[in-house]
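To start, the structure itself, in structure tokens.
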Amino acid sequence: MGMTMTQKILASHAGKDKVVVGELIMANLDLVLGNDVTSPVAIKEFEKAGCKGVFDCEKIALVMDHFTPNKDIKAAEQTKLVREFAGKRNIKHYYDVGEMGVEHALLPEKGLVVSGDLVIGADSHTCTYGALGAFSTGVGSTDMAAGMSYGKAWFKVPSAIRFNLTGKLSKWVSGKDVILHIIGMIGVDGALYKSMEFSGEGVSSLSIDDRFTICNMAIEAGAKNGIFPVDKVTLEYIKNHSKRAPVIFNADDDAEYEKTIDIDLSKVESTIAFPHLPSNTKTFSEFSEIKIDQVVIGSCTNGRYSDFEKAAKIIKGKKVAKGIRVLIIPATQKIFLQMAEKGLTKIFVDAGCAVSTPTCGPCLGGHMGILAKGERSLATTNRNFVGRMGHPESEVYLCSPEVAAASALTGYITHPSKI
Amino acid sequence: MKITGKAIKYGDNVDTDVIIPARYLNTSDPKELASHCMEDIDKTFVSRVKKGDIMVGGFNFGCGSSREHAPIAIKESGISCVVAKSFARIFYRNAINTGLAIVEFDQEIEEGDELEIDFDGGILINKTKGTKGIFPPFPDFLKNIIEKGGLMPSLK
Ligand code: SF4
């Protein structure tokens, strides 16, 4: 029996020729990630255990993105603790205000992840880098502490579901719709403990940003990781962003999958996840006018340049609907600058949007766009759990940047073709 | 190891945002985290939980973010063990790594049921209902982590 892409990456990092589903392994890590929320817990564990030093000061990334620029005194204390640790331990990839971005947009942009890598991050959306043909998965702070100290983590070798992609996306539809469609189909635990491996002739038509968005939300189906095969699109991206050489792993022809699910990309429609689960999806024919109070375009799911480009095209020359707040949050400094240089910032500001410095901010109900009781936000983020963006009685609807932009102009959830 | 306690029951897909809302993640102090545990779905939890109580969930318990603050908050609140039909994977490993006992058990348990859990034997007795069920004990690899007192000491 052959191995899946994920199994091959795990085997190679555990120094084995072969691994089987369910096997527990210790694997070597190429990168360990933490943020301003999870790193303090990891650092305390690290110090408590009396660790002598970090395994490799160039293979740890600490990104201050959740509550930064510091939203309050407690947040400031947390970042300070991480900043001091980074200084003391000589951590090369420490990113603070002015350099930082939302971690999962920042790391690929900085070239810190390439195909074939094994990455753990104390953040559930670490699965994003599967877009580059890497194995990456979210862990907790203790795993992060152990990773920083020993460069190792334990894994249970996962089984996999294959998603066979065919066709091409139609107009107004993008990666977000594909992943919401899939989560709606298989549920929030539809891929629990498993890998989601994407393959098929449809892959080549997806941009790298679509693939980031799709892998980003693999965790929302309970998956351990999401992963795309490495092709021209991947290699081009890596060449433009990293000095490191990618290592390509392909799934064996006789790799075992629990099941194969066919997705015809041309049939995927604009999809919205209603409160309070990402799997609670509907397409436009299934609901009527839903009024909103706020629109957020940003996050590690859809805060990349191409997302804002799509949104700006729809918003250009128009005004946002009266009475709603529209927040534009580029995921990294580079995207922020690119938006200014290409005139996107002006389009958004002219239309009445607020454009912010990079931060996770409202995505996790941290700061910068918190909802009051009874308010409703449409967002390009990835979670719509109870209280995720503010008051426990507020609501979050998840959508693509195209739908978010169209809805910003009307004040209710709107299909972009209606603009 | 054996424990007994009363069940405090929740449904499926209990996510880490309700276990400990993100607005409190600007601290990692266990006591402070515990004081907000479950408050978005159950305002009474913090006041009624007693030391040794057992939290019971349905499928996919602990889904959502990777915050270790979630098992930390539950453990600090006095809960001795979480029993659920299935666990989200990051929560599962965080619980093991931080020493919060968890059991995957697929039979129905009601709010207030008196439970006895024998971890080595993999037996759960529901004293209120008078029923008994089994669950798979941890494989040796994970037992070693738990016995050494968590991931960090086990790697030393
Ligand atoms: S943008 Fe949201 S989902 Fe992404 S890392 Fe930040 S808080 Fe997490």
Side-chain angles (χ1 to χ4, degrees), chain A residues 24 26 36-38 40-42 44-46 48-49 51 66-67 70-78 121-126 137-146 149-150 152 154 156 158 187-189 192-193 219-220 222-224 276-277 364-366 370 383 385-388 390 392, chain B residues 12-30 32-33 39-41 43 58-72 85-99 138-142 144-145 149-156:
Chain A
L24 286 153
M26 238 343 144
D36 50 322
V37 167
T38 56
V41 182
K44 281 181 197 160
E45 279 295 319
F46 184 96
K48 199 172 80 191
C51 294
H66 277 56
F67 293 135
N70 300 327
K71 81 153 181 160
D72 57 17
I73 295 167
K74 283 182 186 163
E77 303 282 348
Q78 295 208 124
D123 188 276
S124 56
H125 293 101
T126 302
T137 193
V139 296
S141 295
T142 303
D143 281 308
M144 179 187 167
S149 165
Y150 303 101
K152 286 180 194 298
W154 63 271
K156 195 170 183 180
V188 286
D189 58 356
L192 197 58
Y193 304 127
I219 178 72
E220 259 57 68
K224 183 173 215 134
H276 291 287
L277 283 178
L364 81 158
I370 303 307
R383 286 193 176 134
F385 300 148
V386 171
R388 176 75 179 180
Chain B
D12 292 338
N13 302 315
V14 171
D15 63 74
T16 53
D17 275 281
V18 303
I19 296 172
I20 181 72
R23 58 183 178 276
Y24 302 120
L25 296 183
N26 53 2
T27 177
S28 57
D29 174 40
E32 202 171 333
L33 293 171
E39 74 175 30
D40 281 0
I41 52 163
K43 291 221 158 46
F59 291 104
N60 204 23
F61 186 95
C63 64
S65 94
S66 67
R67 63 191 70 151
E68 214 153 275
H69 312 70
I72 292 173
K85 291 183 180 164
S86 66
F87 289 92
R89 62 162 284 277
I90 304 178
F91 186 90
Y92 182 93
R93 61 188 297 139
N94 285 350
I96 289 169
N97 290 343
T98 57
F138 284 120
D140 290 343
F141 185 93
L142 299 183
N144 177 47
I145 296 179
L151 181 62
M152 295 301 279
S154 83
L155 283 172
K156 256 193 187 150

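In the text below, chain A, chain B and the rest are named by the order of the sequence lines, each starting its count at 1.
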With a 4.5 angstrom heavy-atom cut-off, could you sort out which part of [X] is near chain B: side chain, backbone, both or neither?
X	answer
Leu192(A)	side chain
Lys152(A)	neither
Ile73(A)	neither
Asp36(A)	neither
Lys44(A)	side chain

Among [options], residue most engaged with chain B (heavy-atom pairs, under 4.5 Å):
options	result
Asp72(A), Val37(A), Leu364(A)	Val37(A)
Val386(A), Asp123(A), Val139(A), Val41(A)	Val139(A)
Gly390(A), Ser141(A), Gly365(A)	Ser141(A)
Gly366(A), Gly138(A), Cys51(A)	Gly138(A)
Thr38(A), Thr126(A), Asn70(A), Thr137(A)	Thr137(A)

For Asn94(B), which atoms come within 4.5 Å of any heavy atom of chain A: side chain, backbone, both, or neither?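 For Asn94(B), the side chain is the part near chain A, not the backbone.
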
Is Pro139(B) close to chain A through its backbone or its side chain, or both, or neither, when contacts mean heavy atoms under 4.5 Å?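 Only the side chain of Pro139(B) comes within 4.5 Å of chain A.
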
Indicate the atoms forming the closest heavy-atom contact of Lys224(A) with Lys156(A), along with that distance.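 Closest approach of Lys224(A) to Lys156(A): NZ-O, 2.7 Å.
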
[X] vs [Y] side-chain heavy atoms within contact, under 4.5 Å:
X	Y	result
Phe91(B)	Cys63(B)	no
Leu155(B)	Met26(A)	yes
Thr142(A)	Arg93(B)	no

Would the distance check show the side chain of [X] and the main-chain N or O of [Y] forming a donor-acceptor pair, the cut-off being under 3.5 Å?
X	Y	value
Glu45(A)	Asp143(A)	no
Asp15(B)	Asp17(B)	yes
Ser86(B)	Asn60(B)	yes

Roughly how far, to the nearest 0.5 Å, is CZ of Phe87(B) from OH of Tyr193(A)?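 Tyr193(A) OH to Phe87(B) CZ: 7.5 Å, rounded to 0.5 Å.
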
